[in-house]
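All remarks here apply to the structure that follows.
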Amino acid sequence: MKIYNTLTGKKEEFVPINDGKVTMYVCGPTVYNYFHIGNARPFIVFDTFRNYLKYKGFEVIYVQNITDVDDKIINKAKEKNTTFEKVAEKYTKAYFDDIEKLKIEKPDKSPKATEEIKEMIELIRVLLEKGYAYIIKDGVYFSVEKFTDYGKLSNKKIDELREGARVEINDQKKNPLDFALWKFAKEGEPYWESPWGKGRPGWHIECSVMSKKYTGADTIDIHAGGIDLTFPHHENEIAQSEAASGKKFVNYWMHNGYVNIKGEKMSKSIGNIILAREVTEKYSAEVIRMFILSAHYRSPLDFTWENIEKIKQAFKDIYYTLQILKQVEKPDVKITIEESSYLKNFIDALDDDFNTPEALAIIFNIIKLVKEQIKKEFTNEIVYSLAIIEKNIIEMCKILKILPEIKKPDEKIIKLMDERNILRKEKKFIEADKIKEEIKKAGYILEDTKTRSFLIHEL
RNA sequence: GGCGGCGUAGCCAAGUGGUAAGGCAGAGGUCUGCAAAACCUUUAUUCAGCGGUUCAAAUCCGCUCGCCGCCUCCA
């Protein structure tokens, strides 16, 4: 399996540190608002990727932080005349509600920043001790110049960054790029005790701490997030972690592209956001996930209601086809990669830097086979072949987590269909059409072929 | 200014050296008692433009044009 690694700018063969195990850290939400569909992209992409790793037989440890104290949360609390804890609590709950609606599996660990303060203080202490950090009037800062590898992830040089940097308000900092490890509390701000004074952690430090604590290792396999986190957030994480441990922090950095609105990045500051919950109100998790996976994860993805509607139409094809297959009496079969060239191609596509659009195309290629076969006489051979096809589609949809729930229609509805077919044979079409109407009211459409009829639950 | 990405049919989107996947929409047709949200066929001699390398380029190189992102909070 190959993964594009931001650190090297190349696709690389994925080799986990420990055989059969993968440690994965995905940057999580800052809980000061409902998350939007742009935020949802990494959640969905990397949840699906985790699922794929599990399918491949890896044991995955998946950690995602919750930033529940920071300036934005504090400001929101002021604005709403409440406490930062209340704001964080509200949106943490909303985050879990929303990921559930999107059928995102809960992370194995969802550590909260406020519950890891002790470890963060310890890490800062080490950095101070090793001379990577210094204390000024408003906090403890990391000195980027002390860390020679600074910029290796985002391919930036300290000097060049300095030129582009804006006017720095804080003239006590040794370098404008130095970032806060610990911020001293101003009047009325929440604080925790520390050896250097009352305050709160800087943003980056939590990821360094949690990543190590919950994977149990200085070096993890995969660290993922939106491309906008590359600099400065991930760069700073590397600096902190590697300065402290002296070891490589992350082997593979994966970054997803933006969700755009009319070609422009969706972001809270621009204000062009569509909340994830606005989308889950209108579309099922499977359709939303398929929409997200319809573009390669590193490419930009334009969100429009028309585009997601197109995906819904395409998804219908999968849904309807699986329903038809469900209504065919078939033998129980097993499929293997060796026997199914479709499955093999599917896996090959995903093994190539998680190429989900290619993988989706393969699903549609198989669906075409169903359409060819379903019209034919149901010989043993055909039925067997349909069984194999169904298994393939289900397997693939499961891997991509776009498998819709397929129920056999109620006995009652099946009876109605049988009755209608008898009436049709007797050429009592008026009565037959009445039953058709009745079936439609129950939410099913009928599809008649030469030899049989199928009931299809409408999406 | 520095760094990075992108430009493939009406739209969405794979493909990164061997002759353009897949989806949506459209057009024509078929099945059917009727019908379908069913099925079939069809839709890029061409991949932003111009040069170059090569037996061979959407794919590699150079230049031009256009769009976007990061360098400040951001998924």
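We name chains A, B, ... by the order of the sequence lines, and we start the count at 1 in each one. Scope of the values below: all heavy atoms of this structure, side chains included, with no hydrogens, waters or symmetry mates.
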Mind checking [X] for me? I need base, sugar-phosphate or nothing, with any heavy atom below 4.0 Å counting as a touch.
X: A/H36; result: base
X: A/G263; result: sugar-phosphate
X: A/S299; result: sugar-phosphate
X: A/K156; result: base
X: A/G257; result: base
X: A/R420; result: base
X: A/D228; result: base

Taking the side chain of [X] as heavy atoms from C-beta outward, which of [options] is closest to it?
X: A/P357; options: B/G33, B/A13, B/G2; answer: B/A13
X: A/K72; options: B/A75, B/C73, B/G22; answer: B/C73
X: A/K436; options: B/A35, B/G22, B/A75; answer: B/A35
X: A/K268; options: B/C40, B/A75, B/A14; answer: B/A75
X: A/E447; options: B/A38, B/G15, B/A75; answer: B/A38
X: A/N155; options: B/G23, B/G2, B/C3; answer: B/C3
X: A/D433; options: B/A75, B/G33, B/A14; answer: B/G33
X: A/R424; options: B/C73, B/C71, B/C34; answer: B/C34

Worksheet item: Just wondering, do A/F429 and B/G33 stack (centres under 5.5 Å, planes under 30°)?
Response: yes
Just by distance, with hydrogens left out, do [X] and [Y] show a side-chain donor and acceptor under 3.5 Å apart?
X: A/E309; Y: A/Y283; result: yes
X: A/D302; Y: A/T304; result: no
X: A/Y91; Y: A/D68; result: no
X: A/Y25; Y: A/E237; result: no

Worksheet entry | Given A/D353, A/D352, A/N5, the one that forms side chain to side chain donor-acceptor pair (under 3.5 Å) with A/K11 |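 With A/K11 as partner, A/D353, A/D352, A/N5 yield a single side chain to side chain donor-acceptor pair (under 3.5 Å), made by A/D352.
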Please state whether the base of [N] and the side chain of [X] form at least one donor-acceptor pair under 3.5 Å?
X: A/K450; N: B/C31; value: no
X: A/K310; N: B/C11; value: yes
X: A/D448; N: B/C34; value: yes

Quick one: is [N] close enough that its OP1 or OP2 comes under 4.0 Å of any side-chain N or O from [X]?
X: A/N307; N: B/C24; answer: no
X: A/T321; N: B/A38; answer: no
X: A/K371; N: B/C39; answer: yes
X: A/K265; N: B/A75; answer: no

Practice prompt. Let me know, please, whether A/F43 or A/Q313 comes out on the 5' side of the other along RNA chain B by nearest nucleotide.
Written response: A/Q313
Practice prompt. Look at A/K326 together with A/E390 and state whether they make a salt bridge at an N to O cut-off of under 4.0 Å.
Written response: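 Answer for the salt bridge query: no.
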